[in-house]
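Remarks on the structure that follows.
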Amino acid sequence: MIEADPRRAWLEPGAHEVAPGVWRMPLPLPTDGLRAVNVYAVADGGGLTLVDAGWAIDEARQALVTALRAIGAQLGDIRRFLVTHFHRDHLTQAIAIRRELGAKVLLGAGEKHAIDTLIGDPAPAMRHQFEMLLRYGGEKVLAALRAAGIGADASDPGYEPPDAYVDSGELFQVGDRVLEAIATPGHTRGHLVFFDRAGGLLFAGDHVLPHITPSVGFEVDPPRLALDAYLGSLRLVRRLPDAVLLPAHGPAGGRVHERVDALLDHHDRRLAEMLRRLGDGASTPYEVAAQTFWTSRRRPLGDLDPVNQMLAVFETALHLDLLVARGKVALADADGVLVYRAGAGASR
């Protein structure tokens with residue numbers, strides 16, 4: 001008999017009460033990596049406020065309808081969506097439901113840049129990433145992405161502007177709870193977490209995840225020091241009172257401080273490791289990534305699917321750029337490819 005993996009138990013569909021009047025609803029994703037996104041329904045008077053929404057696909061909509069039915073609710077009871085960031089698996093189903101039923105959609109103010117760009121022309125997101133792969137020496141990864149047909153479709157991904165952009169510090173009365181929006185840039189420019197101080201809950205989005213390290217700066221044109229912003233956001237959350245972790249992916253119920261400490265330690269070790277890789281002779285982000293092991297299973301770069309290979313190369317570049325900013329690495333341009341060397345020097 002093969003026992004079920006307890007780390008996958010969080011994928012079980014339905015409405016799982018994680019606090020009085022707060023339900024976690026895992027909704028399926030059309031990807032081979034992350035299998036689901038947690039949407040949280042919070043009792044809001046005679047209706048509901050949802051934190052995040054899921055990807056606008058039929059399977060996610062049906063899973064949401066079924067989960068709501070389990071708590072005696074329906075789509076029409078959703079008053080608003082508090083969306084942690086602009087990625088499809090968090091925002092696009094909110095847009096689709098708003099089109100049909102009029103629920104309000106709120107998003108962090110820092111995401112306006114990405115939304116305006118994606119609405120103006122959906123193509124630049126992958127085009128910019130493909131250009132950066134070449135700058136990072138990742139021709140092999142780019143070829144794998146193209147062979148898989150990734151980035152070829154520039155059709156409408158379901159983005160629209162929110163009803164309002166949310167500033168850090170805004171408070172939302174949600175039934176008996178008050179949720180405070182806190183800007184946590186890093187995963188994206190405008191990522192928000194929502195903190196219930198009185199209830200000791202942190203709706204963490206993709207900022208703090210229990211089993212994986214969140215990707216950093218995966219957007220149209222991430223800031224060069226997105227990793228520095230992310231580490232600063234982790235330290236900001238660490239200074240808040242400890243709380244129950246309600247993540248967008250993975251099981252709920254861990255402690256925020258413990259997981260933040262682990263993430264900060266991970267990035268400290270990763271920075272040191274990549275500095276060693278430069279000392280061993282690697283120079284481009286692709287070369288460093290190819291000499292680094294990835295995921296908790298310590299898989300080599302070539303064992304990852306093309307999208308995760310791309311993310312690994314981007315994460316490597318962000319670590320190297322932070323080392324440049326700290327004066328530990330020099331950066332040069334060699335015929336359009338970025339080359340890093342251990343030792344102080346000029347930045348780009």
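Quantities reported herein were computed from a predicted structural model and do not represent experimental measurements.
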Side-chain heavy-atom pair Y159, I95 within 4.5 angstrom cut-off: no

Distance (rounded to the nearest 0.5 Å) between M310 CE and L304 CG: 12.0 Å

Cluster check V307, V216: I/L/V/M/F/W/Y, side chain < 4.5 angstrom: yes

Shortest non-hydrogen contact from L263 toward T213: CD2-CG2, 3.7 Å

Backbone N/O of H207 and side chain of Y230: donor-acceptor pair under 3.5 Å: yes

E59 (side chain) donor-acceptor with P28 (main chain) under 3.5 angstrom: no

F203 vs D52 side-chain heavy atoms within contact, under 4.5 Å: no

Heavy-atom pair with the smallest gap, counting every atom of T92 and W55: OG1-CA, 3.5 Å

Shortest non-hydrogen contact between L91 and I115, atoms and distance: CD2-CD1, 3.9 Å

Main-chain N/O of A248 paired to Y40 side chain as donor or acceptor, under 3.5 Å: no

Check: Q74 main-chain N/O paired with D77 side-chain donor or acceptor under 3.5 Å: yes

Derivation and outcome, side chain to side chain contact (heavy atoms under 4.5 Å, CB included), residues L323 and L271: CA-CA 7 Å; L323 289 170; L271 286 163; 3.9 Å; yes

D163 versus A103, closest heavy-atom pair with distance: OD2-O, 4.0 Å

Side chain proximity check, I78 to L68, heavy atoms < 4.5 angstrom: yes

Pairwise side-chain contact, Q93 with L27, heavy-atom cut-off 4.5 Å (strictly under): yes

Test item: W294 and Q309 side chains (from C-beta on) under 4.5 Å apart, heavy atoms: no

Test item: side-chain donor near acceptor, T49 and R80, under 3.5 Å: yes

Main-chain N/O of Q291 paired to R277 side chain as donor or acceptor, under 3.5 Å: yes

D265 and R269: CA distance, side-chain angles, deciding distance, salt bridge (Lys or Arg N to Asp or Glu O under 4.0 Å) verdict: CA-CA 6 Å; D265 179 66; R269 288 184 285 107; 2.8 Å; yes

Heavy-atom closest pair, residues L209 and G205: CD2-O, 3.4 Å

Proximity of H90 and H249 rings by center, below 6.0 Å: yes

Of all pairs that satisfy side-chain hydrogen bond (donor to acceptor under 3.5 Å, both in side chains), the ones with a partner from residues 13-27, not counting sequence neighbours: R24-N38

Exam field: side chain R79 to backbone K104, donor-acceptor pair closer than 3.5 Å: no

L338 backbone acceptor or donor facing D333 side chain under 3.5 Å: no

Contact check, side chains of D196 and V42, non-hydrogen atoms, under 4.5 Å: no

Crowding at CD, Q173 (>12 non-hydrogen neighbours, <6.0 Å): yes

Plane angle bin for H319 and H267 - parallel if under 30°, tilted between 30 and 60°, otherwise perpendicular: parallel

Which atom of L107 lies closest to which atom of F86, heavy atoms considered: CD1-N, 4.0 Å

Full working for salt bridge (Lys or Arg N to Asp or Glu O under 4.0 Å) between R189 and D221: CA-CA 10 Å; R189 294 171 187 254; D221 54 346; 3.4 Å; yes

Point-to-point distance, once rounded to the nearest 0.5 Å, from CG of L311 to CZ of F218: 5.0 Å

Hphob cluster co-occupancy, L134 + Y136, side-chain heavy atoms under 4.5 angstrom: yes

Heavy-atom donor-acceptor pair, Q62 side chain to D58 backbone, under 3.5 Å: no

Side-chain (E170) to main-chain (D167) donor-acceptor, under 3.5 angstrom: yes

Joint cluster assignment, L201 & V39, ILVMFWY side-chain distance < 4.5 Å: no

Salt bridge (charged side-chain N to carboxylate O under 4.0 Å, His left out) partners for R69, two or more places apart: none

Working for salt bridge (Lys or Arg N to Asp or Glu O under 4.0 Å), residues E315 and R270: CA-CA 10 Å; E315 291 248 349; R270 187 67 99 187; over 6 Å; no

Shared hydrophobic cluster, I97 / I71 (ILVMFWY, side-chain heavy atoms < 4.5 Å): yes

Joint hydrophobic cluster, L179 plus V193, side-chain heavy atoms closer than 4.5 Å: no

Close side-chain approach of P285 to M274, heavy-atom, < 4.5 Å: no

Expected output: side-chain H187 to main-chain S215 donor-acceptor under 3.5 Å: yes

4.5 Å side-chain heavy-atom contact, T188 and D206: no

